[in-house]
There are 2 protein chains.
Amino acid sequence: MSRPGESSREPDGRRAKTALFDEFARLAQALANGRRLEIVDVLANGERTVERLAAETGLSVANASQHLQVLREVGLVRRRRDGTRIYYELRDAEVFDMWRNLRNVAAQHRAEISQLAEAYLGARDSLEPVTRADLLRRLKRGEDVVLLDVRPTEEFTAGHLPAAISIPLAELRRRLRELPRDKEVVAYCRGPYCAFAHKAVRILQQAGFHARRLEDGLPEWRAAGLPVIAMGERRS
Amino acid sequence: MSRPGESSREPDGRRAKTALFDEFARLAQALANGRRLEIVDVLANGERTVERLAAETGLSVANASQHLQVLREVGLVRRRRDGTRIYYELRDAEVFDMWRNLRNVAAQHRAEISQLAEAYLGARDSLEPVTRADLLRRLKRGEDVVLLDVRPTEEFTAGHLPAAISIPLAELRRRLRELPRDKEVVAYCRGPYCAFAHKAVRILQQAGFHARRLEDGLPEWRAAGLPVIAMGERRS
DNA sequence: CTAATATTCAAGTAATCGATTAAAGACTTG
DNA sequence: CAAGTCTTTAATCGATTACTTGAATATTAG
């Protein structure tokens, strides 16, 4: 039935199985690069043009584009054209799940990760972050909490937590007076490995505010099926 | 603050972020090999010795061992020693989730996968497979269904669906008389990319039985939190 | 046509990867 | 402790692949 040279049983089955699993491996291969994972992490917050993506990740435009092609070939991202720009976004929610899954497994089992995370995000939180469940409970009870979105304005516009106010991290220092000193301020950003909220909490605490960080960011909130508010998008 | 040669803002932050995401990428890298994914897929069904794993995947023992070290270094598997053998198993349920997530995303977005899956598992199912929900509904109603586990006996012993009977695929042809002809036979094995159940259904249908395949296997059943029956394990 | 944005190409460097073989380790048993 | 079983490690080879950069090319808008 199969070619005569093969000695083991099921030679064709073996070959077919190998090909199939190699194909699965191609998907993992596309994720097996730190720069591409950074791109995925940014895209989890919404679509981006190549240029912006390049700026946010510190890559050259050409380089970012190449990485995007790798992600696109395996179906992790898709794109749409708008005039001369091209916007990329994650293919669907499952792609984000996969990234979250990957980083959770990594964080749980690898000491290196927590060290590197600490090096990047700053010393271990002086205060425990607020969990999503916590926050929901407190909001429902009507407790005095101010939710602060410290991401760039565009991202806030594209989608934010209900009742959140927007002060991009870069403007935080000079807009401190907009925040109340008698309530707790809960800051959030793009996710657990985004530095914005960490930095914001440090600034606020130094300025004497009662501030904490939400344990993770907008993408996780959305993935949990919680409501997200978007304002009229897609500037001309 | 940071070294003088760096021109861009946040030079240390960049470096730290790069290191962090590179570390995440190492985990994906460990999954980016077809042979290692085959190993993960087998281990999802329970622990295995190196020798057995090698036999089941068609690798040399040394080669299998090397792949296992790669998986172990990133924390995807762990091992225990029993006398002269070493048993490997997946670190925890999240690892299996990740593998399932990976293969789902791959299957959804890549035409290559379905072609290769068909080449390996045989022509597209003549009958739709039975879903887990379907099966549960029918069992609850007390409908006449025979659940057939076609994996090797050891795996059945280590854990199987409630009320399932065990006939390893290799013995199926000569044990056909143990199966009833007036009930539907639902066969299952290690998962959606395991060929056993596909082959079993083909054998049974040819022999005139009313047979279908469960859409996925024991690991998915267990991951769904459904009950699994284990018989006194760990032979001396 | 020009400007703006994105992709592709070519090139170079480096690095990695995977399989095999043989030797070494670890443990058990007699 | 010597022999036997199972597993890991080291060395090697071949080949391939991966990533970045800079220049050239597409694509679209105006």
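Basis for what follows: all heavy atoms, side chains included, without hydrogens, waters or symmetry-related copies. Residue numbers begin at 1 in each chain, while the letters A, B, ... track the order of the sequences.
When atom types are taken as modelled, the side chain of A/Asn101 and the backbone of B/Met98 share a donor-acceptor pair closer than 3.5 angstrom. Proximity of a side-chain donor or acceptor of A/Arg48 to a complementary backbone N or O of A/Gly46 within less than 3.5 Å is detected.
B/Arg26 meets the salt bridge (Lys or Arg N to Asp or Glu O under 4.0 Å) test with B/Glu23; sequence neighbours excluded. Among residues two or more places apart in sequence or in another chain, the side-chain contact (heavy atoms from CB on, under 4.5 Å) test is passed with A/Gln69 by A/Ser65, A/Arg72, A/Arg79, A/Tyr88. Contacts of B/Tyr193 classified as ring pair (Phe, Tyr, Trp, His ring centres under 6.0 Å), with partners at least two apart in sequence or in another chain: A/Phe24. The side-chain contact (heavy atoms from CB on, under 4.5 Å) search around B/Arg78 returns B/Glu89, B/Arg91, not counting sequence neighbours. Take B/Arg36 and apply the salt bridge (Lys or Arg N to Asp or Glu O under 4.0 Å) test, not counting sequence neighbours, and it matches no residue. B/Arg132 meets the salt bridge (Lys or Arg N to Asp or Glu O under 4.0 Å) test with B/Asp216; sequence neighbours excluded. Partners of B/Arg175 by salt bridge (Lys or Arg N to Asp or Glu O under 4.0 Å), not counting sequence neighbours, listed by chain and number: B/Glu171, B/Glu178.
The side chain of B/Arg79 contributes an N or O atom lying less than 4.0 Å from OP1 or OP2 of D/dT8.
Counting to the nearest Å, the C1' atom of D/dC19 and the CG atom of A/Leu68 are 15 Å from each other. In this entry the distance linking OH of B/Tyr88 with P of D/dC6 reads 16 Å, nearest Å. Per the geometry, CG belonging to A/Asp22 stands 14 Å off C1' belonging to D/dT16, to the nearest Å. Between A/Leu71 atom CG and D/dC19 atom P there is a gap of 11 Å when expressed in whole angstrom units. Atom CG of A/Leu37 is separated from atom P of D/dA18 by 15 Å (rounded to the nearest Å).
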- Message: One character per nucleotide, please: for nucleotides 20-30 of chain D, 5' to 3', B when the base has a protein heavy atom closer than 4.0 Å, S when only the sugar-phosphate does, - otherwise.
- Response: BBB----SSS-

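Applying the ring pair (Phe, Tyr, Trp, His ring centres under 6.0 Å) test to pairs two or more places apart or on separate chains, none has a residue in residues 32-70 of chain A. Counting only residues at least two apart or in different chains, ring pair (Phe, Tyr, Trp, His ring centres under 6.0 Å) contacts with residues 153-175 of chain A comprise A/Phe156-A/His160.
Using a 4.0 Å heavy-atom criterion, one finds that B/Arg72 contacts no nucleic acid atom at all. Note on A/Arg52: nothing from the nucleic acid sits closer than 4.0 angstrom, heavy atoms only.
An angle of 30°, rounded to 10°, separates the two end axes of the helix from C/dC1-D/dG30 to C/dG30-D/dC1, each defined over five pairs.
Along DNA chain C, read 5' to 3', the first and last nucleotides having any atom under 4.0 Å from a heavy atom of chain B are C/dC17 to C/dT28.
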